[in-house]
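Accompanying notes for the structure given below.
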Protein chains: 2
Amino acid sequence: MYKKIILYGVVLGLLIIGLKFAEYRFLIRSNSFEIYGGLIAILFTVVGIWGGSKYIKGKEVTVIKEVMVNAPAEFAVNENNLKHFNISKREHDVLILMAQGLSNQEVADKLFVSLNTIKTHSSKLFEKLNVQRRTQAVQEAKKLGLVP
Amino acid sequence: MYKKIILYGVVLGLLIIGLKFAEYRFLIRSNSFEIYGGLIAILFTVVGIWGGSKYIKGKEVTVIKEVMVNAPAEFAVNENNLKHFNISKREHDVLILMAQGLSNQEVADKLFVSLNTIKTHSSKLFEKLNVQRRTQAVQEAKKLGLVP
DNA sequence: TTTCAACTCATACTTTAGGATGATTTTGGT
DNA sequence: ACCAAAATCATCCTAAAGTATGAGTTGAAA
């Protein structure tokens with residue numbers, strides 16, 4: 001870590017020396033500020049991107065590790081899993097009805113909202129449960145104890 | 001996207017105006033190059049980090065998450081119900097894959113037949129099980145012990 | 001008060017599912 | 001060998017489902 005800081009400083013110093021040297025040799029003095037300013041801006045934008053990119057963490061890849069438990073005789077929603085998968089109350093409502101085999105339209109009617117709303121909810125559910133289809137969502141939901 | 005680019009440009013423009021303004025008001029001209037150079041360097045390092053972080057993805061970070069799932073009970077096909085509902089062997093194959101959340105196309109691929117064939121099978125299944133949708137069919141099939 | 005997530009709904013579009021119908025080919029049993 | 005059921009596939013069409021995007025509302029937390 002210290003090495004990097006020192007290296008950084010040294011590089012900057014050399015750079016300034018280089019610029020100063022160039023100033024007296026190659027460039028028209030009257031325009032130097034604009035030119036140097038621009039160069040420095042570009043240079044340090046790149047430096048920033050380069051330096052910053054090392055400390056930026058990428059997308060988190062969540063690996064779900066399943067732990068088998070015995071399903072209880074009577075059903076109780078697994079609140080933990082609801083939280084784990086960040087499923088909202090309304091999404092859960094939709095999930096329950098979906099698991100009963102209802103179509104989106106039927107779910108919409110039961111919940112007194114529009115078909116579009118249900119589509120939105122179910123799309124988000126599929127994302128959160130990491131599935132593509134409602135049949136898979138229902139499967140997953142049952143396994144996770146989110147629905148009876 | 002365009003908004004961001006425009007915003008970026010506007011901010012840079014204002015910045016340059018600000019620096020020029022400051023140049024004639026507050027700072028000693030003789031030292032201006034070093035001061036401005038340093039300021040610009042710092043500023044654009046930050047800009048680089050900030051701007052770059054939005055478009056540069058870091059190494060993926062793997063997060064392991066444990067979730068509790070219901071252990072599947074051991075399963076045996078209820079042959080009686082298969083006969084009762086007059087479900088053929090092939091239809092049963094389709095039903096099983098359907099219950100695993102596969103799409104018709106995926107079922108077709110697994111069974112090495114065409115999509116149309118699967119559609120025919122599933123249509124007949126829905127008739128025989130007296131349901132309208134595949135989600136209902138899966139529900140019913142599980143209840144009847146036709147699939148795990 | 002600002003901010004933010006959840007909820008709602010819309011439009012426009014693509015993809016699957018499902019229904020109706022008819023045709024050909026296997027295949028198991030008499 | 002023959003028949004009936006099962007299995008295969010096609011075409012045409014409609015209905016649901018699903019994706020993507022934007023946007024207005026609201027309630028609760030900072």
Side-chain angles (χ1 to χ4, degrees), chain A residues 59-60 77 79 81-141 146-147, chain B residues 1-7 54 77 79 81-141 146-147:
Chain A
K59 198 169 45 176
E60 285 186 354
V77 176
E79 304 285 348
N81 284 343
L82 277 181
K83 281 181 193 162
H84 268 309
F85 289 90
N86 196 27
I87 292 170
S88 73
K89 186 190 166 300
R90 208 51 165 164
E91 285 166 353
H92 189 211
D93 292 343
V94 172
L95 189 54
I96 290 170
L97 295 176
M98 190 181 283
Q100 289 171 14
L102 303 197
S103 68
N104 283 338
Q105 184 60 66
E106 288 167 340
V107 173
D109 292 343
K110 281 221 171 191
L111 297 182
F112 302 105
V113 297
S114 84
L115 174 60
N116 286 314
T117 302
I118 300 304
K119 284 185 177 183
T120 304
H121 285 320
S122 52
S123 271
K124 290 192 172 177
L125 272 171
F126 298 157
E127 262 184 48
K128 292 178 179 178
L129 291 175
N130 196 33
V131 298
Q132 289 73 55
R133 281 176 285 287
R134 60 177 36 221
T135 40
Q136 293 176 334
V138 170
Q139 244 200 164
E140 201 63 18
L146 305 179
V147 300
Chain B
M1 182 54 98
Y2 294 112
K3 288 180 184 174
K4 284 184 181 175
I5 291 171
I6 291 169
L7 181 65
K54 294 186 182 251
V77 176
E79 304 286 348
N81 283 342
L82 278 182
K83 282 181 192 165
H84 185 279
F85 287 91
N86 195 27
I87 292 170
S88 74
K89 184 189 168 302
R90 208 51 165 166
E91 285 166 353
H92 188 212
D93 293 342
V94 172
L95 189 55
I96 289 170
L97 294 176
M98 190 181 283
Q100 287 171 16
L102 303 196
S103 69
N104 284 337
Q105 184 61 65
E106 288 168 338
V107 173
D109 292 344
K110 281 223 171 191
L111 297 182
F112 302 106
V113 296
S114 84
L115 174 59
N116 287 312
T117 303
I118 301 304
K119 284 186 176 183
T120 305
H121 285 322
S122 53
S123 271
K124 290 191 173 177
L125 272 171
F126 299 156
E127 262 183 49
K128 291 178 179 178
L129 291 175
N130 196 31
V131 298
Q132 288 75 57
R133 282 175 286 284
R134 62 176 36 221
T135 40
Q136 294 175 335
V138 170
Q139 242 200 166
E140 201 62 18
L146 305 180
V147 299

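This is a predicted model, so every value here is computed, not measured.
- OP1 or OP2 of D:dT8 lies within a sub-4.0 Å distance of a side-chain N or O belonging to B:His121.
- Residue-level contact check: A:Thr117 touches the bases, meaning some heavy atom is under 4.0 Å from a base atom.
- Between B:Asp109 atom CG and D:dT8 atom P the separation is 14 Å, expressed in whole Å.
- If you take NZ of B:Lys83 and P of D:dA6, they are 14 Å apart, rounded to a whole angstrom.
- A close approach under 4.0 Å does not occur between any side-chain nitrogen or oxygen of B:Asn104 and OP1 or OP2 of C:dT16.
- A side-chain N or O of B:Ser114 and one of B:Thr117 form a donor-acceptor pair less than 3.5 Å apart.
- Judged by closest nucleotide on DNA chain D, B:Leu115 is the one of B:Leu115 and B:Arg133 placed further toward the 5' end.
- Residue B:Ser123 has a polar side-chain atom (N or O) positioned under 4.0 Å from OP1 or OP2 of C:dG19.
- Among the heavy atoms of the strands lying under 4.0 Å from B:Thr120 is at least one base atom, whether or not backbone atoms are also near.
- Between B:Arg134 and B:Glu140 there is no salt bridge, since none of the side-chain N atoms of the basic residue sits less than 4.0 Å from a carboxylate O of the acidic one.
- Straight-line distance from the CG atom of A:Leu111 to the P atom of C:dA6: 18 Å, rounded to whole Å.
- Atom-to-atom, CD1 of A:Ile87 to P of C:dC7 comes out at 12 Å; the value is rounded to the nearest Å.
- In this structure, A:Arg90 and A:Val113 have side chains that are in contact, with non-hydrogen atoms separated by less than 4.5 Å.
- With rounding to whole Å, B:Leu97 atom CG is found 17 Å from C:dT16 atom C1'.
- The number of heavy-atom neighbours closer than 6.0 Å to NZ of B:Lys124, taken from other residues, nucleotides and ligands shown, is 12 or below.
- Between A:Arg134 atom CZ and D:dT19 atom C1' there is a gap of 14 Å when expressed in whole angstrom units.
- Here the side chain of A:His92 pairs a donor or acceptor atom with the backbone of A:Leu146 at under 3.5 angstrom.
- An OP1 or OP2 oxygen of D:dA7 is reached within less than 4.0 angstrom by a side-chain nitrogen or oxygen of B:Ser88.
- Minimum atom distance to the side chain of A:Val113 is reached by C:dT8, of the listed D:dA7, C:dT8, C:dC7.
- Straight-line distance from the NZ atom of B:Lys119 to the P atom of C:dT21: 16 Å, rounded to whole Å.
- As rounded to whole Å, 18 Å separates atom P of C:dC7 from atom CZ of A:Phe112.
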